[in-house]
Amino acid sequence: MKSIDGCNKSKSLDFYLDPSILDLKIVKRIAIQKSPNSLILEVNNQTISQTIFLDDFTNKTILPLKKQLDWIIPDLQSEERKKITNSIITCINKNIDEIVELSKQDNSNDRASDENSKVANLISLTLKPENIEKLFKDQYCKPYVAVRLDVSKQLEILPINSTRFKHYLSNLYCKNFGSYIGDGSLNTVVTNLAGKAQFSDGIIPLHLRVAWGSKTNRSKEDCIYFDMCDIQGRIIENSKDGWRIIDGSNDNMPILFRRYNQLPLIDPDRNYPPDIFDQLLNLTNVKDPKQRHLIKVYIISTLIPEIDHVILTTYGPKGAAKSFLLKLIKKLIDPTSPLLLTLHRNIDQFIQQVNHNYLNYYDNIKYIPYWSSEEICKSVTGVGHTKRQLFTDDEDIVYEHKRCLGLNGINVALTESDALDRSLFIELEEIDEDVRKKENDLWTGFEKIKPQVLGYIFDILSKAIEIKSTLKLEKLPRMADFAEWGESISQAIGYPPNSFLEVYAENRNEQNIIAVNENRVGSLLLKYIQDLEGKLGPLTNILFEPQELYNELTDFAETKDIGIADRQFPKNAASLVKKIKTIVTNLKAAYGITVTIGRNTTTNTSVITICRKESKAVTKDKNSSGGSEASESNNTISTKPENNENSNSVINDDNTDCGNSKNYDEDKNIGDRNDH
């Protein structure tokens, strides 16, 4: 082998041509060119080039070279062509060691050059509108792309860092260049596109399953949009004027939704009988007319975006079809796999689960820890979370959501007052064996009427949007947005005005009763007061120091054989006070019992005052000495703190029924204000 002199010395090396095996009149040159890494041949007064592939030298280098040789020496007989070709291949094989060595030296540079070329070509492709319609960031500054897929060109929203988008890029490159691109090059392209999206102008908020329209995402502001999650990329646009299905191939398709594990929704049917919603509920075990009213409104209310939705709580004995009711609603509005979820004990897993599902329904819940109850409340009223993206950096993953939640169990698992106050309770009775139906038959009936039920729901939603725009309510309970939309939906269904607010108020009163009875401290305190009144008659005032009340309740529980040795009952007086604070509004609303937590300024100790709200407050006896006394004249029990010389030593909330008027200052640090 000899080097070529001059400026090409570092670029090309010629092989020695042995005249004993080669016809030098035909074969003038065989050489290896370093950049690009290829064989150069001058044969029959023509020059050809063939890229060197060491991973499969015979099939990728020699065979293509033979085809080129056959093409440039067509005038020779077949045997002569074969002889010349074989002699050339023999020469090449004699120099295989040099080929390998030189290829190794330049292979890394060649690969880098080749990959850089692929990256540049692919980025150039992605910048064409027909390949990527929109590069943008969402409300959490996460980069996304809007692309048109398949021959129908339906719009799909993909996270730039997702595996699905990488597959899209890989397929795009292969279709345009007829070759493949490696993961390293794909990651480089993704990083470049993510940078363009991050620093692009404007933000396009993305939603899950339902959303209000907005100018930022090419949709109408007064419309509700519903993602059908099908392969056509269709969505439903709903306004006071009606609803329509927008095909994913529409040129002005709104950029609205992200998806996780959502399943497609069936096409709604506008032709349905007037009683179609009752036909749906006939498949369930909801029999009470008032509960049917509530469930109808609740189901349609799940399509209202960005409001505080009530927590649907179904309870009852085994065999009451509690799980079936939740599955049916889930399949109708937000089908996913699985339909019902397991309540995670890990808070991060729970947050991600809620973030990835629009309807979150939990099955057969027996106990909910305090932290989980708090997270459930925040998930329906709106909450934001962050966590570290990787252990090696300080980047955050942001979760922010307002979702629909529901759960079922034999008893009410949500025992915290705040959670109960946000709940809608549906109590189901056990189904008799002679009327029980097979679940497969129920699902068959459901699938048959589901398109019509959906058509009905979207029609009612349109009417509700119109009614809501003119609805004026004098009073609104907690979960006010749900109540206002609920009344609008109720009237759209055909119920009389204010009838929903009435049945919802009854349900909320049931919440107060459940809040007290499902709370270990609340139920024990209620039994203690009722037992005391059974002995002394109606009580107007009970005053306790926390430790005294704690001792009274624990002794009462032991006397009445009431079990309190569990994690729900506080272990000390301070914890008892905290537990009582959570149910003061429920005791007052459900049983007329007002609890005030004040402070004795002389001893700097807490004072718990309990009375019936219909009774007038009685001033504490200034001359009373230690212990508890029952006054026969007014049935006042006074549990006196030490050194309490006058009424001014007790600080109470002067706006409660138990207050001792304006001589008491408000304790801003203890107790909840009980406003009337």
Open item on the list: Quick one, Leu326 and Leu312 - any side-chain contact, counting heavy atoms below 4.5 Å?
Closed with: yes

- [ ] Flag the pair Glu552 / Phe556 as yes when at least one side-chain heavy-atom distance between them is below 4.5 Å, and no otherwise.
- [x] no

Task: Shortest non-hydrogen separation from Leu553 to Leu524 and the atoms involved - done: O-CD2, 3.7 Å

- [ ] Determine which pairs satisfy ring pair (Phe, Tyr, Trp, His ring centres under 6.0 Å) with at least one residue from residues 557-577, sequence neighbours left out, and list them in order.
- [x] none

- [ ] With the side chain counted from C-beta on, respond yes when Ile593 and Lys588 share a heavy-atom pair under 4.5 Å apart, and no when they do not.
- [x] no

Task: Ile245, CD1: over 12 other non-hydrogen atoms inside 6.0 angstrom - done: yes

Task: Exceeds 12 heavy-atom contacts within 6.0 angstrom, atom NZ of Lys448 - done: no

Open item on the list: For a quick test of reading the model, state the closest non-hydrogen atom pair linking Asn285 to Ala320 and the distance between them.
Closed with: ND2-O, 3.1 Å

TODO: Look at Asp308 together with Lys402 and state whether they make a salt bridge at an N to O cut-off of under 4.0 Å.
DONE: yes

Task: Donor-acceptor contact present, side-chain Glu548 to main-chain Glu545, <3.5 Å - done: yes

TODO: Report yes or no: do Ser462 and Asn238 form a side-chain donor-acceptor pair below 3.5 Å?
DONE: yes

TODO: May I have the step-by-step check of salt bridge (Lys or Arg N to Asp or Glu O under 4.0 Å) for Glu447 and Lys450, ending in yes or no?
DONE: CA-CA 5 Å; Glu447 294 297 334; Lys450 182 167 65 170; 3.3 Å; yes

- [ ] Look at the side chain of Ser499 and the backbone N and O of Tyr495, then say whether any donor-acceptor pair between them is shorter than 3.5 Å.
- [x] no

Open item on the list: Quick check: do Thr314 and Ser323 have side-chain heavy atoms less than 4.5 Å from each other?
Closed with: no

Task: Non-hydrogen side-chain atoms of Tyr358 and Thr336 separated by less than 4.5 Å - done: no

Open item on the list: Please evaluate residues Gln349 and Gln353 with respect to the criterion side chain to side chain donor-acceptor pair (under 3.5 Å), reporting the C-alpha separation (whole Å), side-chain torsions for both, the decisive distance (0.1 Å), and the verdict.
Closed with: CA-CA 6 Å; Gln349 290 180 327; Gln353 188 179 63; over 6 Å; no

Open item on the list: A side-chain contact here means heavy atoms from C-beta on lying under 4.5 Å apart; do Asn408 and Thr313 qualify?
Closed with: no

Task: Residue pair Leu263 / Ser337: nearest heavy atoms and the distance that separates them - done: CD1-N, 4.0 Å

TODO: Give the minimum heavy-atom separation between Asn261 and His356, together with the two atoms involved.
DONE: OD1-O, 3.5 Å

- [ ] Using only heavy-atom distances, determine whether the side chains of Asn551 and Gln547 contain a donor-acceptor pair under 3.5 Å.
- [x] yes

Task: Separation between CD1 of Ile304 and CH2 of Trp212, rounded to the nearest 0.5 Å - done: 6.5 Å

Task: CG-CD distance between Asn507 and Glu502, expressed to the nearest 0.5 angstrom - done: 14.0 Å

TODO: To the nearest 0.5 angstrom, please state how far the NZ atom of Lys366 sits from the CD1 atom of Ile410.
DONE: 7.0 Å

Task: Pair Lys322 + Asp363: basic N to acidic O under 4.0 Å - done: no

TODO: Please identify each residue that fulfils salt bridge (Lys or Arg N to Asp or Glu O under 4.0 Å) with Lys290, with sequence neighbours left out.
DONE: Glu506

Open item on the list: Using a 6.0 Å cut-off, check whether atom CD of Glu558 has over 12 heavy atoms from anything other than its own residue.
Closed with: no

Open item on the list: Would Tyr504 and Phe482 count as a ring-ring contact (aromatic ring centres under 6.0 Å, His included) here? Give the steps.
Closed with: CA-CA 10 Å; Tyr504 183 47; Phe482 169 77; 5.4 Å; yes

TODO: Output yes when a side-chain donor or acceptor of Ser490 lies under 3.5 Å from a complementary backbone atom of Gly486, and no otherwise.
DONE: no

- [ ] Kindly say whether Tyr260 contributes a backbone atom to a donor-acceptor pair with the side chain of Gln262 at under 3.5 angstrom?
- [x] yes

Open item on the list: To the closest 0.5 Å, what do you measure between CD1 (Ile514) and OG (Ser423)?
Closed with: 8.5 Å

- [ ] For Thr284 and Leu280, indicate whether the former's side chain and the latter's backbone hold a donor-acceptor pair under 3.5 Å.
- [x] no

Open item on the list: To the nearest 0.5 Å, what is the distance between CD1 on Ile513 and CZ on Arg508?
Closed with: 13.0 Å

Open item on the list: Under a 3.5 Å distance rule, please check whether Asp432 uses its side chain to pair with a backbone N or O of Asp434 as donor and acceptor.
Closed with: no

- [ ] Give a yes or no on whether the backbone of Ile329 and the side-chain of Tyr361 come within a donor-acceptor separation of less than 3.5 Å.
- [x] no

Task: Any Leu587 side-chain heavy atom under 4.5 Å of Leu525 side chain - done: yes

TODO: Decide, yes or no, whether a salt bridge links Asp334 with Arg209 under the criterion of side-chain N to carboxylate O below 4.0 Å.
DONE: yes

Task: Residue pairs fulfilling ring pair (Phe, Tyr, Trp, His ring centres under 6.0 Å) with at least one residue in residues 309-337, sequence neighbours excluded - done: Phe324-Trp443

TODO: Could you tell me whether Arg234 and Asp230 have a side-chain N and a carboxylate O separated by less than 4.0 Å?
DONE: yes

Task: Heavy-atom closest pair, residues Ala589 and Asn509 - done: O-OD1, 3.8 Å

- [ ] Let me see the working for Phe226 and Phe458 under ring-ring contact (aromatic ring centres under 6.0 Å, His included), right down to the final yes or no.
- [x] CA-CA 10 Å; Phe226 189 83; Phe458 287 118; 5.6 Å; yes

Task: Rounded distance [0.5 Å steps], CG in Leu407 versus CG in Asn360 - done: 11.0 Å

Open item on the list: So which atom in His293 and which in Val503 form the shortest heavy-atom distance, rounded to 0.1 Å?
Closed with: ND1-CG2, 3.9 Å

Open item on the list: Working note: Ser575 + Asn572, criterion side chain to side chain donor-acceptor pair (under 3.5 Å); need CA distance, chi angles, decisive distance, verdict.
Closed with: CA-CA 6 Å; Ser575 297; Asn572 53 55; 3.0 Å; yes

TODO: For salt bridge (Lys or Arg N to Asp or Glu O under 4.0 Å), just list the numbers for Asp531 and Lys535, CA-CA rounded to whole Å, side-chain angles, deciding distance to a tenth of an Å, and then say yes or no.
DONE: CA-CA 7 Å; Asp531 182 77; Lys535 298 174 182 177; 3.4 Å; yes

Open item on the list: When you measure from the side chain of Arg403 to the backbone of Val354, do you find a donor-acceptor pair of N or O atoms at a distance under 3.5 Å?
Closed with: yes

Open item on the list: So for atom NZ, which belongs to Lys437, do other residues, nucleotides or ligands contribute more than 12 heavy atoms lying within a distance under 6.0 Å?
Closed with: no

Task: Under 3.5 Å donor-acceptor, Gln139 side chain and Leu206 backbone - done: yes

- [ ] Could I get the full list of salt bridge (Lys or Arg N to Asp or Glu O under 4.0 Å) partners for Asp138, not counting sequence neighbours?
- [x] Arg258

Open item on the list: One pair to check against side chain to side chain contact (heavy atoms under 4.5 Å, CB included): Ile580 and Val521. What are the steps and the verdict?
Closed with: CA-CA 7 Å; Ile580 291 176; Val521 171; 3.8 Å; yes

Give every donor-acceptor pair under 3.5 Å between a side-chain atom in residues 463-476 and any protein atom, sequence neighbours left out.
| residue | atom | partner | partner atom | Å |
| --- | --- | --- | --- | --- |
| Ser469 | OG | Glu466 | O | 2.5 |
| Thr470 | OG1 | Ile467 | O | 3.2 |

Task: Test item: Lys330 side-chain N/O and Leu359 main-chain N/O as donor-acceptor pair under 3.5 Å - done: yes

Open item on the list: Show me the pairs that pass side-chain hydrogen bond (donor to acceptor under 3.5 Å, both in side chains) and involve residues 270-282, at least two apart or across chains.
Closed with: Tyr272-Asp459, Asp275-Gln279, Asp278-Arg292, Asp278-Lys296, Asn282-Arg292

Open item on the list: Within the 4.5 Å heavy-atom criterion, are Tyr591 and Leu526 side-chain neighbours or not?
Closed with: yes

